[in-house]
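The sequence lines fix the lettering, A, B, ..., with proteins before strands; numbering per chain opens at 1. Only this structure's heavy atoms are used, side chains among them; waters, hydrogens and symmetry mates stay out.
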Amino acid sequence: MTPILAGFSDILNPATLLWVAAGVAIGYLVGALPGLGKATAVAIAIPLTFALPALPAIAFLIGIAKGSAAGSAVSAILLNVPGEPSSAPTALDGYPLARQGKAGKALKAALFASVLGDLGSTLALVVLAQPIASYALSITPVEICAVLLFSLTFVAGLSAQSLAKGLVAACLGLLAATVGLEIESGLPRLTFGDYRLFDGIPLIPMAIGMLAVGEMILQAGNRAALDQQGAAIARGAHPDDSRMTREDWRRSVPAIARGTAIGIGVGILPGLGASVGSFLSYGAARSRARDPGRFGKGAIEGVAAAESADNAVVPASLIPLFALGIPGSVIAAILIGAFMLHGVAPGPLMFAQQPRLVGGIYAAMIAASLALLVIGLTFQGLFAQVVRVPTRLVVPAVLFLCVVGAWLEGGGVFGVQVMLVFAVLGVVFIKLGFSVVNFLIGFVVGRTFELTFRQSIQILGRDPWNLVQHPIALMFLALTVLAVWRFSRGARRAAPKPEDP
Amino acid sequence: MRATETLTGLVLALFAGVMLVWIIPAEIPRGVAGQLSPRLVPQVAVSGILVLGLWIAGAALVGGRLPAHRPGPFSRPELVALVVLPALVLASIWVLALAGPVPAGVLLVAGAALLMGERRPVALILLPAGSLTLGWVLLYRILGTTVG
Amino acid sequence: MLKSLKLAAMIALAAASPALAEWPERPISLIVGFGPGGQSDLLGRALASVMTEDLGVPVNVVNRPGAAGGVALAGLRAMPADGYTIMLNPSQTITLTPALMAQVPFSIDDFAYAGMITSFDIALVAPASAPFDDYAGMVDYARAHPGILYAALSATTRVFATEIARANDIDIEILPVDGGPGMVNAILGEQAMLAYSGGVHHRYPDQMKVIAALTTQRNLGSPDVPTIGELGLPIGMDMQSVLIAPAGTPDDVIARLQGALAVAADSPAFRQVADSMSAAVQFRTAAEATAIMHAQLESNLAIMQAAGVQPQ
């Protein structure tokens, strides 16, 4: 234990602290820009990690991951443009709050929830990495497949108030995810002979198109009304509108606690990802609420639920990496590269061979949580002014950033074309009452879902009766049936109510 | 509104039918014996869309109850933006190939600002200048890549 | 008339030769056909920093992910052959794709090869807890336990399992996995008894063991383990990191690139990165690389044809 404690003191080195803060700041600021996100921030970071010693390099990358997860909430709240699909539920309540002149409050709720979710998950990593890890190994693709099926149904039922439309969007997302080379046989599917589609439709340009460009098109179409609102926001400002009141905290604390727990659970399982975590958390908060009608119109706990889970996924996804050497997420896979570069093999041996480094990484992660709080609070006042910028200036700037982001992550012109196609599709979706986010969730988990389904067939030896050996999978299958039953009944009873797209 | 719902459902069902009958057989190989067909998941997804599309159309036709969603009709300015903004991006990609990144970026940012009704010359100069500088710093200085 | 022609020729020469002699005079883009952070990216960046020093101009890494470098190769093909756009990629994208796909938007002749720098230790691996230690033991175990699972990353990698199963008349089932991390998960979680590894197993020396090398020469990282060819099945396929330029790149530029590659192979900084990635540094000249690429393509096509794999 002592070397780990010694590692904790390593973090007090000013240079290391500086790199943690720099990582969080770059992640937060790049994540806050619409159209740019984690991928861009990581691309900025990787060349720098070459020149750094092991601890600052790893701390820097972790700072980037944590900062960008929190930063993507900023554009979600202020512009209704989620920086990542995982921040889409944040926008559901954050943007209405911002349009009510409560941008400051929403940004603080998102930041506090991010920091608390992050800190809780980091502590879980520190305390539980070893015991949880052995549990993670017993999770086979069979369980993952069942969890994915449940998540898809649950999210489809929640975010669209008509289960049929939610499921259509999810099915379309699944269909879009099958474009490209099929993973088992390597055969091309639905590529229409276009080689650029062999790796599938690139996610980031697609998400930028549907979430950001589509929203900009709608805002451009409604700019007169939006600018009027903006002027009204500038006139009447109440101090309570830009801070968390006691009442806000009372509503948010349970949502944050639940969101952190959900984020940790989702983070440990490979292939689920932050989007599933934040949506499950948002859905859980809504279904637990006494007055679910407030959700979608500016419920502060909706913002808190989504962001706490979004950020809790990041440290939790490192649990399989640290304890077993299994990269469970994209950021974990990138971290492996950084570890290897510095001669450290991530995995159980790391605790025995490099305890001091492990202690340093833990301390850096906690420091990153605190840095996130400080950096977030510093920049929020500035960000909140974006609400007052007229649409005629917002649209060109956001459009430019979107094109840059799609260019970077989609391999040039092709990325921009993908972005445009899905922007138009996204507008049509929203106008017809289909959830863009259900489509994206279907797309994001579609590949993993199909892969784990194929793996399950092999692991079960093509005999469904072998499912009996997988009680967790059976439990989630039962929950899926329950969710379908509940949502189809709920839809029958629910009175028509206006919904924010 | 009810007509929109019915039409939406029918269009979805038609799309699913075309996918099932023509596009999936033409675009996805049959696969190898002894493993799940590559066509299976697309077929399941499309079948789901077919059934649900018919359900949406039927529910709007038969049931008096409208779904909780209101399909908002397109307003004229929205339709204009839906055509004009993507067209602007396509135009700037075209200019990128012809004249390079700076004219393309200026066209994109200044063009969008003009379309949004910005007429102040200062804003029309500063916004593109600021955006392009940011883009240049990010792409050329920090990431070391090129555009064009 | 003659005089002016002569003058024009002299001007042309004067304009052309310094441009070539002075290559490189502006920054070079080194394309990596994978996203940032992976093995190819990190090797590319390490190479770029050595080349920057050696060539005296910035060498910038540009990530163009897609189809294991295929998307980037299709783009590279159309770039000017002036040495300012080059690419580092695993050789199999060029030497194996034609065996699997009917339509490939590039061919081996679209490129010039400036040399090779690392080779991949491709191997058949098993979890450390597996009740067998070598190929013969694995075959016996599979005969007693039909249907053991082999984790395959792609259609190419499954060919090894189907060929081994056919040659020994045993039953090996395929567990499809998603890339190297998916393979690690399947082996560490003991969901699969066998797996294809592109070299990642060196990072898990206590959790994985090597059953056979799937290359034509023994793996540099495990020289005691025989190749699959030595074990009686000539289906080994090699893979190297090769430095690629568009076809028609001037010979002196290629020579200069080859020189930079040789410097990188001897540079401690590059070796450290390569070692950490478990990539074996093995320098090959431009001439050797070109010959290896053509031989590799022929051998791979023959193996896949014998296995009954048709390009789709």
Distance-only, no hydrogens or angles: does the A/Thr40 side chain make a donor-acceptor pair with backbone N or O of A/Leu36 under 3.5 Å?
no
Taking atom CD1 of B/Ile49 and atom CG of B/Leu14, what is their separation to the nearest 0.5 Å?
12.5 Å
So which part of A/Phe453 gets closer than 4.5 Å to some heavy atom of chain B, the side chain, the backbone, both or neither?
side chain
Please classify the contact between B/Thr8 and chain A as side chain, backbone, both or neither, with a heavy-atom cut-off of under 4.5 Å.
side chain
Flag the one option from A/Thr191, A/Val179, A/Leu190 with the top tally of heavy-atom pairs under 4.5 Å to chain B.
A/Leu190
Taking the side chain from B/Glu78 and the backbone from B/Val80, do they hold a donor-acceptor pair closer than 3.5 Å?
no
I'd like to verify something: which residue of B/Val51, B/Leu114, B/Val109, B/Leu115 has the highest number of heavy-atom pairs under 4.5 Å with chain A?
B/Val109
Among B/Ala113, B/Pro38, B/Ala112, which has the most heavy-atom pairs under 4.5 Å with chain A?
B/Pro38
Report the relative orientation of the aromatic rings in A/Phe439 and A/Phe429; use parallel for angles under 30°, tilted for 30 to 60°, perpendicular for over 60°.
perpendicular
Counting heavy-atom pairs under 4.5 Å with chain B, the top scorer among A/Ile44, A/Val394, A/Val404 is A/Ile44
A/Val168 vs A/Phe434, side-chain contact (heavy atoms from CB on, under 4.5 Å): CA-CA, chis, key distance, verdict:
CA-CA 8 Å; A/Val168 166; A/Phe434 291 89; 3.8 Å; yes
When B/Ser75, B/Pro42, B/Gly48 are compared by non-hydrogen pairs under 4.5 Å with chain A, the top option
B/Pro42
At a heavy-atom separation under 4.5 Å, does B/Leu132 approach chain A through its side chain, its backbone, both, or neither?
both
Using a 3.5 Å cut-off and no angle test, enumerate the donor-acceptor pairs between side-chain atoms of residues 16-28 of chain B and protein atoms at least two apart in sequence or in another chain.
unit_1, atom_1, unit_2, atom_2, d
B/Glu27, OE1, A/Phe192, N, 2.9

Residue A/Val403 versus chain B: region with a heavy atom under 4.5 Å
side chain
Can we say A/Glu450 and A/Arg189 salt-bridge, meaning some charged N sits less than 4.0 Å from an Asp/Glu carboxylate O?
yes
To the nearest 0.5 Å, what is the distance between OG1 on A/Thr391 and CE on A/Met216?
8.5 Å
Would you mind checking which part of B/Arg120 comes under 4.5 Å of any heavy atom in chain A, side chain (CB onward), backbone (N, CA, C, O), both or neither?
side chain
Turns out that what part of A/Leu48 lies under 4.5 Å from chain B's heavy atoms comes down to neither
Is A/Leu420 in contact with chain B via its backbone, its side chain, both, or neither, using a 4.5 Å heavy-atom distance?
side chain
Heavy-atom proximity to chain A below 4.5 Å, by part of B/Leu82:
both
Part of A/Leu393 within contact of chain B (heavy atom distance under 4.5 Å):
both
Review item, side-chain donor-acceptor pairs of residues 83-95 of chain B, under 3.5 Å, at least two apart:
unit_1, atom_1, unit_2, atom_2, d
B/Ser92, OG, B/Leu88, O, 3.3
B/Ser92, OG, B/Val89, O, 2.9

